[in-house]
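All remarks here apply to the structure that follows.
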Amino acid sequence: MLIGDFSFEDCDDYLARRLSVDGRPLISDPIRTVIARRSHGLPLYLDLSVMRFLELRRSGHTPQPTDFDHDFPALIARTLSDLTAPERHVLRSVSLFSSFDVALATRAAGLPQQAPALRLVERPFVRETPFGLWPYHLHALIRATIRGADDQTDDRWSLADWQQAASRALAALGEQWSGGSDRDRLLLVGCLRQGLAIARDYRLDLDWLTEAAWTYVGDSVWEPLDLAASPEREDAAATAADALVELLSALARRQHENRARTVERLVAVADTGLLPAELCEMAVYYRAKAQRDLGHTEASRQGMQLVVAGGGRLAPNARRGLAHLCRLAGDFPTALEAAEHLGWAGRHHRVVGDVRWVQGDMSLAAQAFGAARAEAEEHGKSGEAAMSQAMRAFTLAFTTDPTIEDEIDLGEHLLAQVDLRAATLDVRIAALLRDAGTYTGVEDRAQVLAAEISTSGLLFVQAKLELARAFHHAIRDDQTGVASRMGRLRELTREGYYAYYVDIVHFMADLALDTPSRAQWLDEQQTVRQRWRSMVIDRRALLISGPASGTP
């Protein structure tokens with residue numbers, strides 16, 4: 001049975017079988033009922049109650065239900081008194097952790113030898129999960145009770161003792177993280193979760209948590225870092241650790257929340273004034289990214305410029321952000337020139353790919369995204385590799401490249417290891433583009449995808465989807481469909497950003513532009529037009545000449 005997993009019926013059955021005389025339960029029904037209700041399903045509580053029942057009988061007292069109508073802390077206090085002093089010391093120390101190993105327990109306790117920790121983990125109330133990052137843990141109720149119990153042992157801890165233990169526990173986690181592999185995400189996330197909780201609950205300095213936070217963000221994987229609420233505070237952030245918890249939570253949750261909510265949370269974090277300057281820069285940068293996703297381009301530009309001026313770790317990323325803003329406005333030469341100076345830190349290959357595909361130059365764009373993926377894999381950045389492959393699949397899906405299935409499959413495979421909403425949507429749009437022009441329910445799938453995208457606040461992904469739908473209608477020579485998608489794109493790009501998507505739809509459908517293009521294309525406009533129109537013609541020819549997923 002798992003600790004804490006006993007139902008009321010399980011508890012009653014256990015108590016009835018644990019002590020019996022002539023096959024009949026020794027503990028009466030009323031006493032079993034009281035014990036079961038007080039136990040919270042904990043086998044430890046049941047065992048301690050059984051021992052108390054036997055002790056009362058040995059002393060000549062007839063046990064009554066009132067003898068067991070007491071809370072868990074009294075039983076924990078008794079358990080503490082049954083341990084040796086070194087074991088009690090280790091037990092209190094490990095109550096700070098959600099899980100631990102012998103080395104972590106010994107270091108947190110500040111003991112020179114592991115013997116007390118080794119004895120403690122053999123106790124029945126310490127549960128072992130052999131395949132976990134740290135194999136041992138206490139039930140959450142036991143942890144909370146130990147940390148809050150007013151036990152009567154001679155060596156009970158003062159508030160200062162708990163504070164010192166928390167400092168040792170945080171340091172021990174930092175040592176384990178720094179001593180592990182640079183690419184061990186499981187260890188990083190585990191140390192962050194536990195370290196943030198301890199630093200927050202005991203108002204400790206961030207110490208190694210700052211560097212760990214940068215490592216967490218730099219990989220673009222975004223595992224959830226959900227922490228239980230502080231047992232003492234439910235109000236606004238009060239320490240740097242509180243603010244860092246909210247910052248990292250907002251960054252991870254943005255993959256599942258509307259970007260407007262992300263902006264709101266990051267503004268609140270920055271406004272606390274609790275974060276050190278370098279982490280405040282993180283909040284400003286990701287706020288600017290979210291603002292760009294929402295189409296708030298001027299606010300995004302101001303944030304990116306602020307980060308660039310600061311010259312911190314995210315300055316290369318912010319320079320990339322400014323290059324993207326140039327691309328969004330249709331200033332492609334400036335964006336491409338900026339990419340040449342970004343280097344790996346600024347993800348130069350991905351920026352080049354983003355500029356090239358809108359020119360209809362899918363070969364160069366795909367090469368750039370492939371180079372971006374390879375460079376990311378070389379640096380061990382799985383999130384960046386997934387984003388780059390998603391865009392490579394999206395780009396090639398406009399063409400008749402026979403490897404498109406493999407490209408989409410690879411994108412899905414890489415994304416399965418990370419949590420990146422926009423890139424996941426890019427791959428799903430690529431799947432639509434692959435089937436564009438057929439009768440395989442492309443429009444039905446597009447409508448479902450549009451509804452999902454609308455909840456995310458990702459304006460640029462909405463525009464990509466509409467472009468894909470226009471491609472589908474252009475292949476089918478459905479002028480009504482083309483006009484509908486063009487109208488939707490005009491709504492999405494009325495602020496001027498991504499306005500060249502409307503131009504591209506004209507190119508694909510071989511229509512004259514209503515007004516002169518404001519985009520500064522890398523090549524002659526006619527060349528760009530011919531590229532986009534050729535992709536439509538090539539797809540029509542493929543659907544006519546060869547087997548497809550549907551009938552054109």
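One-based numbering along the sequence shown.
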Point to revise | Residues Glu264, Arg261: salt bridge by 4.0 Å N-O rule | key: yes
Exercise for review: Report, as yes or no, whether the 6.0 Å neighbourhood of atom CG on Asp271 holds more than 12 heavy atoms from other residues, nucleotides or ligands.
Suggested key: yes
**Study point:** Under the salt bridge (Lys or Arg N to Asp or Glu O under 4.0 Å) test, residues paired with Asp13 that sit two or more places apart
**Key:** Arg17
Review point. What pairs with Ala105 under side chain to side chain contact (heavy atoms under 4.5 Å, CB included), at least two apart in sequence or on another chain?
Key: Val90, Val94, Phe100, Ala117
Review point. What pairs meet the side-chain hydrogen bond (donor to acceptor under 3.5 Å, both in side chains) rule with one or both residues in residues 95-105, with sequence neighbours excluded?
Key: Ser98-Gln194, Asp101-Gln176
**Study point:** Glu278 and Leu314, any side-chain heavy atoms less than 4.5 Å apart
**Key:** no
Practice item. Please identify each residue that fulfils ring-ring contact (aromatic ring centres under 6.0 Å, His included) with His379, with sequence neighbours left out. Key: Trp344
Check your understanding: Within the distance-only criterion (no hydrogens, no angle test), does the side chain of Arg421 pair as donor or acceptor with the backbone N or O of Arg254 below 3.5 angstrom?
Key -> no
Check your understanding: So, Tyr14 and Asp47: side-chain donor and acceptor under 3.5 Å apart, yes or no?
Key -> yes
Practice item. For Trp214, check ring-ring contact (aromatic ring centres under 6.0 Å, His included) against everything at least two apart and list the hits. Key: none
Point to revise | salt bridge (Lys or Arg N to Asp or Glu O under 4.0 Å) involving Arg350 - partner list, sequence neighbours excluded | key: Glu384
Point to revise | For Asp12, salt bridge (Lys or Arg N to Asp or Glu O under 4.0 Å) partners two or more places apart | key: Arg32
Revision key, fill the gap. Sorted by chain and residue number, the ring-ring contact (aromatic ring centres under 6.0 Å, His included) partners of Tyr285 (sequence neighbours excluded) come out as none
Point to revise | Leu244 side chain reached by Leu274 side chain, heavy atoms, under 4.5 Å | key: no
Check your understanding: Can you find a pair of side-chain heavy atoms, one from Asp205 and one from Leu170, that are under 4.5 Å apart?
Key -> no
**Study point:** Set of residues satisfying ring-ring contact (aromatic ring centres under 6.0 Å, His included) with respect to His296, sequence neighbours excluded
**Key:** none
Practice item. Using only heavy-atom distances, determine whether the side chains of Ser249 and Arg265 contain a donor-acceptor pair under 3.5 Å. Key: yes
Exercise for review: List the steps, then state whether side-chain contact (heavy atoms from CB on, under 4.5 Å) holds for Leu138 with Leu91.
Suggested key: CA-CA 9 Å; Leu138 303 173; Leu91 178 61; 3.7 Å; yes
Practice item. Please identify each residue that fulfils side-chain hydrogen bond (donor to acceptor under 3.5 Å, both in side chains) with Thr129, with sequence neighbours left out. Key: none
Check your understanding: How far apart are the C-alpha atoms of Val221 and Gln417, what are their side-chain angles, what is the distance that settles it, and do they pass the side-chain contact (heavy atoms from CB on, under 4.5 Å) test?
Key -> CA-CA 8 Å; Val221 178; Gln417 307 169 47; over 6 Å; no
Study note, to complete from the structure: For Asp293, the salt bridge (Lys or Arg N to Asp or Glu O under 4.0 Å) test, sequence neighbours excluded, returns Arg259
Check your understanding: Is it true that Asp161 and Arg156 have a side-chain N and a carboxylate O under 4.0 angstrom from each other?
Key -> no
Exercise for review: Show your reasoning for whether side-chain contact (heavy atoms from CB on, under 4.5 Å) applies to Leu209 and Leu204.
Suggested key: CA-CA 11 Å; Leu209 289 169; Leu204 302 177; over 6 Å; no
Check your understanding: Would you say Arg57 has more than 12 foreign heavy atoms packed within less than 6.0 Å of its CZ?
Key -> no
Review point. If you round to the nearest 0.5 Å, how far is CG of Leu173 from CH2 of Trp134?
Key: 5.5 Å
Exercise for review: Return the minimal non-hydrogen interatomic distance between Gly312 and Glu281, and the atom names on each side.
Suggested key: CA-OE1, 3.2 Å
Practice item. Would you please name every residue forming a side-chain hydrogen bond (donor to acceptor under 3.5 Å, both in side chains) with Gln447, sequence neighbours left out? Key: none
Practice item. Please check if atom CZ in Arg37 has more than 12 non-hydrogen atoms from other residues, nucleotides or ligands closer than 6.0 Å. Key: no
Practice item. Please indicate whether Glu128 has more than 12 foreign heavy atoms, meaning atoms of other residues, nucleotides or ligands, lying under 6.0 Å from its CD. Key: yes
**Study point:** Distance (rounded to the nearest 0.5 Å) between Arg428 CZ and Leu415 CG
**Key:** 11.5 Å
